[in-house]
Amino acid sequence: MRQPFDPDAILAAIARGERSCGEFAMRIARDGTWYYQGTPIRRLPLVKLFASVLRRGPDGRFWLVTPVEQGLIEVEDAPFVAVELRAEGAGDSQLISLRTNLDEWVTLDDGHPLAMRPQREGGSAPYVRVRDSLDARVSRPTFYHLVELAEPAADGVEEVIGVRSAGRFFPLGPIGD
């Protein structure tokens, strides 16, 4: 059972020298909305501040980590959503950048790969690595923009389409799907 967010308990834990404060009453919904105690956090600067201390543990759980405390939060899918696409250049010199719902731009490259992942409801969906082990789910309109840029695999051996960015090919799926 989830423990309610209790500032006094956090202060007491810090006073005892403990850093872990259990579960915070925070959740990031599938659409990228951050909630505190069931209420959406509407102030973007505050969400950006929380996002700056968001980490993912080796066990896949999400933590808000500050120098004095850390607490678990719930993430329904991915902590970020890619909501806009910008493409520059063509061929191997093409660069595709995605903007997250928190106004952070990432360019698809070795450090920020695009990957298709299976979904519980069937099919697959695209995700891009934003930083560390934190990903953004690519929104449907942004994915359609990616598909507009798609081309067959350059080697012709693989029967897949994908996009090129920073000299790398990122598969989107089999040709004909």
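Note that the structure is a prediction, hence the values are computed from the model and not measured.
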CA sep, side-chain torsions, deciding dist, call: Arg168, Asp109, salt bridge (charged side-chain N to carboxylate O under 4.0 Å, His left out):
CA-CA 7 Å; Arg168 183 168 168 197; Asp109 58 19; over 6 Å; no
Evaluate the side-chain proximity of Phe143 to Met116: yes if any heavy-atom separation is below 4.5 Å, no if none is.
yes
Please report the shortest heavy-atom distance between Thr33 and Pro40, naming the atom on each side.
CG2-CB, 4.0 Å
Got a sec, which residues hit salt bridge (charged side-chain N to carboxylate O under 4.0 Å, His left out) with Arg131, two or more places apart in sequence or on another chain?
none
Of all the heavy-atom pairs spanning Arg30 and Asp77, show the shortest one and how long it is.
NH1-OD2, 2.8 Å
Measuring from Glu69:CD to Leu64:CG, what's the distance to the nearest 0.5 Å?
8.5 Å
Taking C-beta and beyond as the side chain, do Leu85 and Val138 meet within less than 4.5 Å on heavy atoms?
no
So which atom in Ala82 and which in Ala136 form the shortest heavy-atom distance, rounded to 0.1 Å?
N-CB, 3.9 Å
Check whether Leu46 and Tyr35 end up in the same hydrophobic cluster, where Ile, Leu, Val, Met, Phe, Trp and Tyr are linked by side-chain heavy atoms less than 4.5 Å apart.
no
How far does CZ of Phe62 sit from CD1 of Ile73, to the nearest 0.5 angstrom?
8.0 Å
Rounded to the nearest 0.5 Å, what separation is found between the OG atom of Ser165 and the CD atom of Gln94?
6.5 Å
For the atom pair CZ (Phe24) and CD (Gln70), what is the distance rounded to the nearest 0.5 Å?
8.5 Å
Do the side chains of Val147 and Val83 join up, straight or via other hydrophobic residues, at under 4.5 Å, putting them in one cluster?
no
Asp92 vs Arg164 side-chain heavy atoms within contact, under 4.5 Å
yes
Would you check if Glu159 and Pro174 make a side-chain contact, meaning some heavy-atom pair closer than 4.5 Å?
no
Mind checking what makes salt bridge (charged side-chain N to carboxylate O under 4.0 Å, His left out) contact with Asp59, not counting sequence neighbours?
Arg61
What's the spacing between Lys48 NZ and Ile41 CD1 if we round to 0.5 Å?
14.5 Å
Taking the side chain as every heavy atom from C-beta outward, state whether Ile28 and Phe50 have any atom pair closer than 4.5 Å.
no
Within a strict 4.5 Å, meaning less than it, do heavy atoms of the Arg117 and Ser124 side chains meet?
no
Test salt bridge (charged side-chain N to carboxylate O under 4.0 Å, His left out) on Arg56 and Asp132; report intermediate values, then the result.
CA-CA 8 Å; Arg56 188 169 193 182; Asp132 306 318; over 6 Å; no
Can you name the closest pair of heavy atoms from Leu114 and Leu172 and give their distance?
CD2-CD2, 3.7 Å
Minimal non-hydrogen separation, Thr142 against Glu84, with atom names:
OG1-N, 3.4 Å
Any chain of hydrophobic side-chain contacts (each under 4.5 Å) joining Leu102 to Val75?
yes
Got a second to check how far Leu149's CG is from Ile161's CD1, nearest 0.5 Å?
11.0 Å
With a 4.5 Å cut-off on side-chain heavy-atom distances among I, L, V, M, F, W and Y, is there a chain of contacts connecting Val81 to Tyr144?
no
Go through the steps to decide whether Ile96 and Phe170 satisfy the test side-chain contact (heavy atoms from CB on, under 4.5 Å), and finish with yes or no.
CA-CA 11 Å; Ile96 297 174; Phe170 297 96; over 6 Å; no
Nearest heavy-atom approach of Pro79 to Leu54 is CB-CD2, 3.5 Å
Are Trp34 and Val130 in one and the same hydrophobic cluster, where Ile, Leu, Val, Met, Phe, Trp and Tyr link if side-chain heavy atoms are under 4.5 Å apart?
yes
